[in-house]
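What follows is a single structure, written as C-alpha cells, with notes after it.
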Amino acid sequence: MIKKAKKYVPGSFRDPSGFLFYKNNIIYRQINKVYKENYDHLINSGLYETLTGRGLLIKHKEVDIRSPEPGKAYKIIKPEPIPFISYPYEWCFSQLKDAALTTFKIQKIAMDFGMILKDCSAYNIQFNRGKALLIDTISFEKYKEGSSWVAYRQACQHFLAPLALMSYRDIRFNQLFRIYLDGIPLDLASLLLPASTRFNFSLLSHIHLHARSQKYFADKRVKINTRKISRLSLLGLIDNLESTIKKMKWHPAGTEWADYYDDTNYSTKAIEDKKEIISRMLKKTRTKMLWDLGANDGLFSRIASGQNIFTVSFDVDYAAVEKNYLRSIKNNETYILPLILDLTNPSPAIGWENRERMSLTGRGPVDTVMALALIHHLAISNNLPFYKIANFLNQICRWLIIEFIPKNDSQVERLLYTREDIFPDYNRKNFENVSGNYFNIIMAEKIKDSKRILYLMEKRGD
C-alpha cells in the first residue's frame, strides 16, 4: 500500500478545474467552482452515466467532507480506487493502443452529449479489472460548434507518435515517455520514423506535416481559436486517428524471453509441483496484492490472480508482456495487470519536484512479492550481491516467495558459459544466511524433478 504522508496528490496540480487529495488514506477529487458548468453538464446530460455504464470512465460518489481549499470548492467526489497506478512507459504495445482507442471512443461518445475532451493525456488512462478506463473526471468541457480540438496535439504526442515509433521502428521507443512527460515531440517522431511513413496519408498529416506546422508557427503570434472546424470535420479527424491506430501492429517474437517456457529445463512434473507449492504458500499469507517480478508471460502470476489476488505481473521482455496482456484480454481476466519493468533500472520518480510520477518503490510496499527464476539473473548476469537483492525486496513487501537456483542447474550453467565464475558466494547456504538478516524463513521446499528450492519468507520486524 502506498503511504500517503502528504494531503495533496503530487501529480494533480496542473488543471485549474480541480485536484486530487488524500484524507484518512482515501483518495478524493475536488471539483473547483470554475468547472461547475462543465461538471453539471457531464452529470445532467447523461454522459457520466453512459460512460461509467460502459466501463469507460471511473465511477465516483459525491461526498460531504471538508475541502482542503474550501474557497475554490464546488463539489468533492470520491473516485473508485485503482489498485495500482501504472504509466505509459510501463505498458506494452497493445496496452498503449487500447488506451488510445479507449480515449477516442470516449471522445466520440462525449460529442453526442455536447462535450469534448480538453485533455488527451495517456496518463489519464489506467487499467482496472482488465480494461482501460479514463480516471480524470474533469477532462471534459462543453463543446462549442466550430471550435477546434485543443487536445489534438496531445493526442498525437501521447498516442499516435509513440505507437508509430513502436510499430515502424523499435518497440523500446515507449521509454521516451520517461524523458518527455507530455508525449513524444512530433519533430522528434518525424525525424525517427522511416521515410516510407510519409507515403501514409494519416502519418504524413498528423505527424510529419503537424511537426512542420509547429515549427513554422513556433515564433509567430497567432490568434487563438480563429480557425473554425465543423462538427463533421472534427469527427472525421477523430475517426482518422482511430482507424490509423487500429491498423498499427507489433508482433511479439524474437526476443530473449518470449518463448521461455518452450526452452526451459523444467519438466511438466516440476512445473506442476512448483504451482502447487506456490498455491500453498500464498494461502498462508492472506495476500490482497502481489507483485510478480520477472513474471515472463504470467504463468505463475495466474496462480495468484486465480485466487482473486490482484497481481501486477512485471517483466523486462516486451514480447512476454505483450503475450501476457493479450492473454488477459482474451480470457477476460480482471485480477492481473502485466507491465514492463527492468528491475535493475526500475521506474523512477519523475516530473516536477520528482514527484509527478511515482517510482516503483513509491507505489509499494505490497503484501507479497514473487521472485521466481530471478535470483540467478540478478546475482550473476547483473553482479548484484545477495544483500543488495534482499535489502531491496525487504523494502517492497511483507511476504516473499522466492526461488533459489543452484549453480549446477542448467540455466545457471548457461549464464556462466560465456564468462568467468567470480561468484564464490553464490550458494544456498549463503543465500539463506543473507536472506535471514532481512526475512524470517517460514518454508523451504525442493521442487520435484528439479534442483531448485522455493522459499516463503516474512519480513523481519525492525
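Numbering starts at 1 and runs along the sequence shown. Here the structure is a predicted model, which means the values were calculated and not measured.
Within the 6.0 Å centre-distance limit, the rings of Trp291 and Phe84 are counted as a close aromatic pair. Residues Trp91 and Phe177 keep their aromatic ring centres 6.0 Å or farther apart. Taking the six-membered ring wherever Trp is involved, the centroid distance between the rings of Tyr35 and Tyr74 does not fall below 6.0 Å.
Salt bridge absent: Glu90 and Arg357 never bring a charged side-chain N and a carboxylate O closer than 4.0 Å. Using a 4.0 Å cut-off between charged nitrogen and carboxylate oxygen, Arg286 and Asp367 do not count as a salt-bridge pair. Salt bridge Arg29/Asp136: present, at least one basic N to carboxylate O contact under 4.0 Å.
Taking OG1 of Thr103 as the start and CG of Leu56 as the end, the distance is 10.0 Å to the nearest 0.5 Å. Rounding to the nearest 0.5 Å places NZ of Lys142 at 9.5 Å from OG of Ser45. Here CD1 of Ile26 is found 4.5 Å from NZ of Lys78. Values are rounded to the nearest 0.5 Å.
Residue pairs that meet the ring pair (Phe, Tyr, Trp, His ring centres under 6.0 Å) test with at least one member in residues 135-164, sequence neighbours left out, are Tyr152-His206, Tyr152-His210.
The minimum heavy-atom distance linking Leu181 with Gly351 is given by the pair CD2-CA, 3.6 Å. Considering every non-hydrogen atom in both Phe113 and Ile109, the closest pair reads CD1-O, 3.2 Å.
Residues meeting the side-chain hydrogen bond (donor to acceptor under 3.5 Å, both in side chains) test with Ser301, sequence neighbours left out: Asp292, Ser313. Scored by the side-chain hydrogen bond (donor to acceptor under 3.5 Å, both in side chains) test, Ser359 finds Thr361 as partners (sequence neighbours excluded). Residues meeting the ring pair (Phe, Tyr, Trp, His ring centres under 6.0 Å) test with Tyr28, sequence neighbours left out: Phe21. Residues satisfying the ring pair (Phe, Tyr, Trp, His ring centres under 6.0 Å) criterion with His208, sequence neighbours excluded, are absent altogether.
At least one side-chain heavy atom of Thr244 sits less than 4.5 Å from a side-chain heavy atom of Asn240. Residues Met115 and Asn38 have side chains in contact (heavy-atom distance under 4.5 Å, counting atoms from C-beta outward). With contacts defined as side-chain heavy-atom distances shorter than 4.5 Å, the pair Pro10/Glu353 does not qualify.
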Show me the donor-acceptor pairs within less than 3.5 Å that the side chains of residues 57-66 make with the rest of the protein, sequence neighbours left out.
{"unit_1": "His60", "atom_1": "NE2", "unit_2": "Tyr39", "atom_2": "OH", "d": "3.2"}
{"unit_1": "Glu62", "atom_1": "OE1", "unit_2": "Lys75", "atom_2": "NZ", "d": "3.2"}
{"unit_1": "Glu62", "atom_1": "OE2", "unit_2": "Tyr39", "atom_2": "OH", "d": "2.6"}

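For Glu69 and Tyr8, the side-chain atoms include at least one donor-acceptor pair closer than 3.5 Å. A donor-acceptor pair shorter than 3.5 Å can be found between the side chains of Asp15 and Ser17. Side-chain N/O atoms of Glu322 and Ser94 include a donor and acceptor closer than 3.5 Å.
Remark: Lys274 qualifies as a cation-pi partner of Phe300 under the 6.0 Å distance and 45° angle criteria applied to the six-membered ring.
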